[in-house]
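Here's the structure, in structure tokens; my notes come after.
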Number of protein chains: 4
Amino acid sequence: MKKNKPKYKQIIDAAVIVIAENGYHQAQVSKIAKQAGVADGTIYLYFKNKEDILISLFQEKMGSFVERLDELIKHEKTAAQKLKVLIENHFLILSEDPHLAIVTQLELRQSNKELRQKINEVLKGYLELVDRILDQGVRSGEFSKGLDIRLARQMIFGTLDETVTNWVMKEQRYNLADLAPKVHELLLLGCKGEK
Amino acid sequence: MKKNKPKYKQIIDAAVIVIAENGYHQAQVSKIAKQAGVADGTIYLYFKNKEDILISLFQEKMGSFVERLDELIKHEKTAAQKLKVLIENHFLILSEDPHLAIVTQLELRQSNKELRQKINEVLKGYLELVDRILDQGVRSGEFSKGLDIRLARQMIFGTLDETVTNWVMKEQRYNLADLAPKVHELLLLGCKGEK
Amino acid sequence: MKKNKPKYKQIIDAAVIVIAENGYHQAQVSKIAKQAGVADGTIYLYFKNKEDILISLFQEKMGSFVERLDELIKHEKTAAQKLKVLIENHFLILSEDPHLAIVTQLELRQSNKELRQKINEVLKGYLELVDRILDQGVRSGEFSKGLDIRLARQMIFGTLDETVTNWVMKEQRYNLADLAPKVHELLLLGCKGEK
Amino acid sequence: MKKNKPKYKQIIDAAVIVIAENGYHQAQVSKIAKQAGVADGTIYLYFKNKEDILISLFQEKMGSFVERLDELIKHEKTAAQKLKVLIENHFLILSEDPHLAIVTQLELRQSNKELRQKINEVLKGYLELVDRILDQGVRSGEFSKGLDIRLARQMIFGTLDETVTNWVMKEQRYNLADLAPKVHELLLLGCKGEK
DNA sequence: TATGAATGAGTCTTCATTCAT
DNA sequence: GATGAATGAAGACTCATTCAT
């Protein structure tokens, strides 16, 4: 299994750095190889082509992102509490890896439609996580019975994404994680519905 | 003033069609020229370079988008009502022009960082509109006193944007405008705060 | 019609020279462009891709080759005389253009199967010319009634081709055209059959 | 002597199969190694480089081809009879090994000039065989006294080669060996000269 | 104004060969 | 002898922009 060999992760990590520092369109394969400390040709022993590096990058990073969130949420009981932990850690994890934040929020969105479609497949895992929280909330009576789960999910994801993107575009000059409580409060009100 | 000459708008409209139908990366200047019915060189009599076409496209289309919204909102009194009209028409206007929806939600996001930065400048007009509504709502007591306007704006814009993008990516198969009431309800709860 | 523009022929002639002097595998597009005195990109205004240059080269050169032979043969009456003129001029025309001889006999044969298949299409014109001579000869009684036209054509083409190739590989050190009478005599005997 | 070790022949046979089935340009060293059941690096214990595989392939296969023909001809008395056996077996041997026929008639001709020059060295053995037959024929009075041996050899080789190539390009759909008598008849007439 | 032919910089990928094990 | 992971050089093609007419 190539994914377990050290060079596989080495190349992906190099790609994150090169894309974050040079931008998507200036991230040549040769630059990634140099950053990874391997020859250009070695890249192609581990990845089918350049697009495959980017897809794998997203799958690896986003996959473990969703896994981490999933693990943390398990220990919470209420949907509200789960949403809180989700938001806190969504912000926290991206705060911890500024390069990754730049790549996922800005650079990878410049990719073409096909690549973005594959990225969306990976995002589904995240969106399902949100859906499960919303579903629990509605069932338990925490959230409004009439809550449209698809819309609520779009609100939650849209808000978090927009908040992180703003933070990245402001060059990460303020503390993203600090925003979590207020964002949680805002989103929760929408979910709870009219009292 | 070049912007008032017929070919200026002719080229921008051609760009919208070509980008929507071929995608950002397949929208060559020569294709836009052909669609506009002018020679390649003629483009450069009206635009500095290709990026200038795209920025101008966004300015023209988004400018009139904001103007239309601004005009409609004027006639509403309460902040809640203004927000309602904003959402309804944000959805309605993009529903009316499927090509434009594709271009703004999907294709133009593939542009590079600098272009996106300029696009954000144009978006400021829209965000200020939202801010004015929120500000009025807080002042009038409709919305929570403690409302963080920046976060609320990010929630509103993020939610609307995510909702429209989902609709475009689902190939506009359902009626976007129908979602307005529920989205308004969701967002309003967040703005009103705990009762 | 691109084929009538001067640069079209200019590029083809450049390709013949570059391939003859550098060999098929060392005939880069940039080298051909330089030899033709145009920019690399200009090549692609006249040819779909590199392969298209080579096919066009063969079509143009071989096309006029067949046309010239066809024209000359018309004036001869007997099949034997036509065969004589064919052989003489086959040798003469290639003698006149040493570069072309190298390209057609040695270099273009290194191309891949698809290209060679297309080259064969062009060669059909030549083979049909031979067939017509053989057919006339058989009908007029000059050649053996039992002559297998396909085999006779393969003998004629095979012999001429082998003879020219040998001459090219011997670096054109002797006079190819001088061989025509003897080659004609040899081939004619086969066609006439047992007396 | 490496040539006597089993892997030497194993690799050459693998090369014939891989080239015949994939074409010259798709016959990578790694593919040949895989077909031969050895590691890539092992190839280089038996051959200097890739070209050396191809030259050796031709030498081995063509060497035994000439040997077999030589052996068979020995038993014939007249030059005409020898020519007959030569043609029959030239066709027969290639008919028996369709892979080899594809490789020698089509694929190996795509190699570069140097390789083809070395191939020609190997072919000399065959051409000398033909020369000896012709020489005997002239001396014995079977063939025309004025016969130009070089031209006659080019006619014979050119005709046989063209005939086999046509058969291979027609995907070996008819029986090549059946053509031998007629081809022999045709060529013999040329050699015998005017009666 | 308008044209459109010409320009030329820039990059992903393949594959023969090596060499540490 | 045998392996196979790693190397790195090399080239076709696109397309935004110019400028002579």
Quick check for you: to the nearest 0.5 Å, what is the distance between [X] atom [atom1] and [Y] atom [atom2]?
X        : Y        : atom1 : atom2 : answer
B/Lys31  : B/Asn22  : NZ    : CG    : 4.0 Å
B/Glu171 : B/Met169 : CD    : CE    : 9.5 Å
C/Arg116 : D/Leu106 : CZ    : CG    : 5.5 Å
C/Lys7   : C/Gln10  : NZ    : CD    : 6.5 Å
C/Gln26  : C/Glu107 : CD    : CD    : 10.5 Å

Let me know, please, whether C/Val38 or A/Glu51 comes out on the 5' side of the other along DNA chain E by nearest nucleotide. C/Val38

Looking across every strand, which nucleic acid part, if any, lies under 4.0 Å from B/Lys7 by heavy atom: base, sugar-phosphate, or nothing? sugar-phosphate

Pick base, sugar-phosphate or nothing for A/Phe47, based on heavy-atom distances below 4.0 Å to the nucleic acid.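 Answer is nothing: A/Phe47 stays at 4.0 Å or more from every strand.
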
Treating A/Asp97 as the side-chain partner and A/Leu100 as the backbone partner, does any N or O pair qualify as donor plus acceptor under 3.5 Å? yes

Consecutive-pair stems (at least three Watson-Crick or G-U pairs, under 3.5 Å) that include DNA chain E: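 Counting only runs of 3 or more consecutive pairs, the stems involving DNA chain E are E:2-21 with F:2-21.
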
Residues forming a side chain to side chain contact (heavy atoms under 4.5 Å, CB included) with C/Gln35, sequence neighbours excluded: C/Ala14, C/Ile17, C/Val18

Without decimals, in angstroms, what is the distance between [X] [atom1] and [N] [atom2]?
X       : N      : atom1 : atom2 : result
D/Tyr24 : E/dA16 : OH    : C1'   : 12 Å
B/Lys31 : E/dG4  : NZ    : P     : 19 Å
B/Leu45 : E/dG4  : CG    : C1'   : 13 Å
D/Lys34 : E/dA16 : NZ    : C1'   : 18 Å

Considering all heavy atoms of both residues, which atom of B/Ala33 and which atom of B/Asp40 are nearest to each other, and what is their separation? CB-OD1, 3.6 Å

Exercise: identify the closest heavy-atom pair between C/His25 and D/Gln110: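 Looking at all heavy atoms of both residues, the shortest contact is NE2-O, 3.7 Å.
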
Which comes earlier along DNA chain F counting from the 5' end, the contact point of C/Gly41 or that of A/Thr42, where each point is its nearest nucleotide? A/Thr42

What parts of residues 13-22 of chain A reach DNA chain F, counting only heavy atoms under 4.0 Å away?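 Residues of residues 13-22 of chain A under 4.0 Å from DNA chain F: none.
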
Please list every donor-acceptor pair under 3.5 Å in which a side-chain atom of residues 44-63 of chain D meets a protein atom from a residue at least two apart or in another chain.
unit_1, atom_1, unit_2, atom_2, d
D/Asn49, OD1, D/Glu51, N, 3.3
D/Asn49, OD1, D/Asp52, N, 2.9
D/Lys50, NZ, D/Ala27, O, 3.0
D/Asp52, OD1, D/Ser56, OG, 3.4
D/Asp52, OD2, D/Lys48, N, 2.9
D/Ser56, OG, D/Asp52, O, 2.6
D/Glu60, OE1, D/Lys9, NZ, 3.0
D/Lys61, NZ, D/Asp13, OD1, 3.0

Side chains of D/Asp161 and D/Gln105: do they bring a donor and an acceptor to under 3.5 Å? yes

Under 3.5 Å, which protein N or O atoms sit close to an N or O of nucleotides 10-12 of chain E? Give each pair with its distance.
unit_1, atom_1, unit_2, atom_2, d
E/dT11, OP1, A/Gln28, NE2, 2.6
E/dC12, OP1, A/Lys50, NZ, 3.0
E/dC12, OP2, A/Val29, N, 3.2

Hey, mind stepping through C/Lys118 and C/Val122 against side chain to side chain contact (heavy atoms under 4.5 Å, CB included) and telling me if it holds? CA-CA 7 Å; C/Lys118 295 203 177 166; C/Val122 181; over 6 Å; no

Outermost contacting nts on DNA chain F, any atom under 4.0 Å from chain B heavy atoms, listed 5' then 3', are F/dC15 to F/dT18

Determine whether C/Thr104 and C/Leu94 satisfy the following criterion, side chain to side chain contact (heavy atoms under 4.5 Å, CB included), listing intermediate values before the conclusion. CA-CA 9 Å; C/Thr104 58; C/Leu94 288 173; 4.2 Å; yes

